[in-house]
Amino acid sequence: MIDQDLQAYAGLLVSSIIAEKYRFKPLGCSVSDRGLACDFDTGGIYPSVNELQNLLGVIDGGGSVTCEIREDEYLQSLGRPKVCIHKNIEIPLEGELNPRPVKKIYIHVINVSAHNPGPNISLLRVNMAAFDSRERLEEYLKWLEEAEKRDHRILGRKLDLFSFHEEAGAGLVLYHPKGQVIREELIKLAREINDSLGYKEVYTPHVYRSLLWRISGHLSHYKDKMILANIEGDEYGVKPMNCPGHILIYKSLPRSYRDLPLKLSEFGTVYRWEKRGELYGLLRVRGFTQDDGHAFLREDQVKDEVKAILEKLLWMLSLFGFKGDDIKVSLSTRPEEYIGTIDAWDKATEALKLALEEIGLKYDVKEGEGAFYGPKIDVDFRDSLGRWWQCGTIQVDFNLPERFNMVYTDEKGRERRPVMVHRALLGSVERFMAIIIENFSGRLPTWLSPVQIVIIPVSRNLEDKAVELAKMFKEKDIRTEVFSGSSSLGKRVREAYSQAIPYIVVIGEKEAEAGMITVRARGNREARMVKPEQFLELLLEEIKDRKLNQSAIESLLDLQ
RNA sequence: GCCGCCGUAGCUCAGCCGGUAGAGCGCCGCCCUGGUAAGGCGGAGGCCCCGGGUUCAAACCCCGGCGGCGGCUCCA
């Protein structure tokens, strides 16, 4: 959708115009799949989006911030420029260009922001997207609109899932009953996987003495993100991570090589004091729940553990439709600053590589991008709007076993240090939830839907019948609601659709007489005169298998 | 944290140059007793984010907070 060369041309034009008008020094432009960003050294002056729109062209009648820039002669003679000199202003340009004639460029100014890479440098960044036709521009504006409709913050309110409150504090989520259903379903899934991998679930405190955080190193490396309190002369800190707690459990008993691997998991809610401007809906909060787990292993056990986790992680993502080209796996290796021995790093990295290769996964190696305490594997996936996300992670850790002086006794009675693997499948339940809400536009698969079916009696005297039907579904743990009341049938159907309910069961005189129901699903699909028991059975199967599609309605339609 | 923008009914928003507030949807009630994506009529609902200042008078102007949005940096 975003044309790289075109963006680069637009960068030249915009840079020259802004530089000339404000006497800003252009610092270069960069082009990404999200559009174009041009930086300027401004000396502390910041024009508004409005000012720039006015400067760059005519504002569209429809309220969109678009403008047209006409081709300039100097552009034609550029060749493959790295730097453009226009009216004595030097404009460096990143990336390669394939020049070609451009008649008009349509630019959408997204935003103007400041960027402070250092204490004495303040630069202005103008974010834009450029198009070669009005149609493309309008397409893009529509995509923006579509993305906004899927915004989990908006859907979260509309579907009554969660809320934030000024008096509660920024970045702190309150889950409503329906949001909690989704949360619980995600946790249930992760719990099943953890069980199958041999993880034993634990529960640990939310607050520890700072002594613990000193041992773990958080107090020196992570202090500015921690919530600390002095109570009766002793300092306590709210946990930003679950690992120290799990390590204490490991250390509560002497461990032998026979005890390993020891695997502990926890749905632990952690708190990290993120900076104000970093908060963003459920995607970036100050309190969140991790589907955390730690495996304490002998060195020779790392590969098999990582392999098992990876396989389950990929399976889990496929449940949501993330698979194939929409998955990207990467291995991050030893950075310049690291702890532990090179030998240990090499062994661990080799184990991760082998795990990846034995599964037959393609992966990128990110040289030097590992954490200081160990190498890691990240699994990224792409959602239905084409955005990449990283949730699942598997990290080897040499640091904490050392800091906590963790040991086990090997077969010869010697003390050995275990290797620790941190892993999460969903990552943060909150973030994962936000991603799938946007991915599915709120229309979650049936197993995840807070309300799975709504029963609508056509007339009031069928309300008892509807309640009776609801009872049958509820007894099988189908999340069911009855939409009765004085509003019209059409309105209640509409309401059910706008609440993203997967199945609408309609019961009228005709159905009641025959002991049948009408089943309506997403995409305006409807099966009339269906036996309730038959639908129930198909629905149970759809939910049990965590199907991505609405297999129940599809089977019913196939049968008709 | 930094830069810009914003905060009016449950939600989305209007309210001009200062004269103490409006719409649509939703909610509640009544009517309609219904056949598939908004049936009709009526009603209630507002510390105009908070605190201070200017003014005869502030939703509107100024200052400070809090919260939200778009970016930057960082991250699950």
Side-chain angles (χ1 to χ4, degrees), chain A residues 34-35 37 39 42 44-52 109-119 121-128 144 148 151 153-154 157-158 160 163-172 222 224-225 240-242 268 270 272-292 371 378 389-393 395 422 424-435 456-463 484-499 504-511 518-520 522 524 526 528:
Chain A
R34 300 176 63 191
D39 290 345
T42 68
I45 302 157
Y46 298 100
S48 68
V49 174
N50 256 326
E51 271 179 75
L52 287 171
V109 179
I110 298 163
N111 139 288
V112 178
S113 61
H115 179 200
N116 302 292
I121 315 160
S122 73
L123 57 93
L124 173 83
R125 175 164 293 173
V126 183
N127 293 78
M128 292 161 282
L144 280 183
E148 195 187 320
D151 191 319
R153 295 165 300 183
I154 294 169
R157 185 194 294 283
K158 190 178 155 206
D160 191 19
S163 55
F164 292 93
H165 299 265
E166 192 171 331
E167 51 279 56
L172 299 166
Y222 216 77
D224 56 336
K225 282 199 174 182
M241 292 186 193
N242 299 303
V270 295
R272 300 178 185 176
W273 209 250
E274 305 294 349
K275 286 181 258 168
R276 261 302 265 109
E278 291 173 337
L279 303 173
Y280 184 88
L282 287 185
L283 287 170
R284 196 74 187 273
V285 289
R286 282 178 173 159
F288 60 98
T289 303
Q290 293 178 311
D291 64 323
D292 212 350
D378 290 320
W389 301 97
Q390 191 240 301
C391 288
T393 180
Q395 307 184 352
H422 307 247
L425 307 164
L426 301 165
S428 136
V429 180
E430 286 61 22
R431 179 175 284 184
F432 199 85
M433 189 166 146
I435 293 167
I456 302 183
V458 171
S459 69
R460 273 223 163 130
N461 45 30
L462 288 165
E463 269 175 32
S484 51
S486 58
S487 52
S488 68
L489 178 63
K491 190 161 180 175
R492 283 176 284 156
V493 169
R494 187 189 150 87
E495 174 66 10
Y497 270 117
S498 74
Q499 288 297 307
I504 301 167
V505 169
V506 180
I507 176 149
E509 289 296 343
K510 273 180 269 173
E511 286 89 346
T518 288
V519 179
R520 197 171 235 287
R522 290 166 180 159
N524 228 12
E526 184 177 78
R528 288 183 189 244

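Each chain gets a letter, A, B and so on, in the order the sequences are listed, and its residues count up from 1. Here the structure is a predicted model, which means the values were calculated and not measured.
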Now, which nucleotide makes the Watson-Crick or G-U wobble pair with [N], with each of the two distances under 3.5 Å?
N     : value
B/C72 : B/G1
B/G67 : B/C6
B/G39 : B/C31
B/C61 : B/G53
B/U20 : none

Given 3.5 Å as the limit, does a donor-acceptor pair link the side chain of [X] with the main chain of [Y], or not?
X      : Y      : value
A/D291 : A/L425 : yes
A/R286 : A/R272 : no
A/E278 : A/K275 : yes

Rounded to whole angstrom units, what separation is found between the [atom1] atom of [X] and the [atom2] atom of [N]?
X      : N     : atom1 : atom2 : answer
A/E526 : B/G35 : CD    : C1'   : 9 Å
A/D160 : B/G10 : CG    : P     : 15 Å
A/Y497 : B/A38 : OH    : P     : 12 Å
A/E430 : B/C75 : CD    : C1'   : 14 Å
A/R286 : B/C66 : CZ    : C1'   : 12 Å
A/D224 : B/C74 : CG    : P     : 14 Å
A/R276 : B/C66 : CZ    : C1'   : 8 Å

Looking across every strand, which nucleic acid part, if any, lies under 4.0 Å from [X] by heavy atom: base, sugar-phosphate, or nothing?
X      : value
A/G490 : sugar-phosphate
A/R153 : sugar-phosphate
A/V285 : base
A/N524 : base
A/K158 : nothing
A/T518 : base
A/E511 : base

* Between A/R522 and A/Y497, is any side-chain donor less than 3.5 angstrom from a side-chain acceptor? -> no

* **Pair A/T518, A/E526: side-chain N/O donor-acceptor within cut-off below 3.5 Å** => no

* Rounded P spacing from B/A44 to B/C3 in Å -> 47 Å

* Whichever of A/V506 and A/G281 has its nearest RNA chain B nucleotide further upstream toward 5' -> A/V506

* Structure fact -> Per nearest nucleotide of RNA chain B, the residue lying toward the 5' end, A/L282 or A/F164, is A/F164

* Asked: Could a donor-acceptor pair under 3.5 angstrom be found where the side chain of A/R284 meets the base of B/C74?
  -> yes

* Asked: Under 3.5 Å, is there an N or O donor on one side and an acceptor on the other linking the side chain of A/R272 and the base of B/C74?
  -> no

* **A/S163 vs A/R157, side-chain contact (heavy atoms from CB on, under 4.5 Å): CA-CA, chis, key distance, verdict** => CA-CA 7 Å; A/S163 55; A/R157 185 194 294 283; over 6 Å; no

* Under the rule syn = chi within 90° of 0, otherwise anti, which is B/C32? -> anti

* Residue A/R494, side-chain heavy atoms: nucleotide from B/U73, B/G70, B/A37 that is nearest -> B/A37

* Closest to side chain of A/K491, choosing from B/G1, B/A38, B/A37 -> B/A38

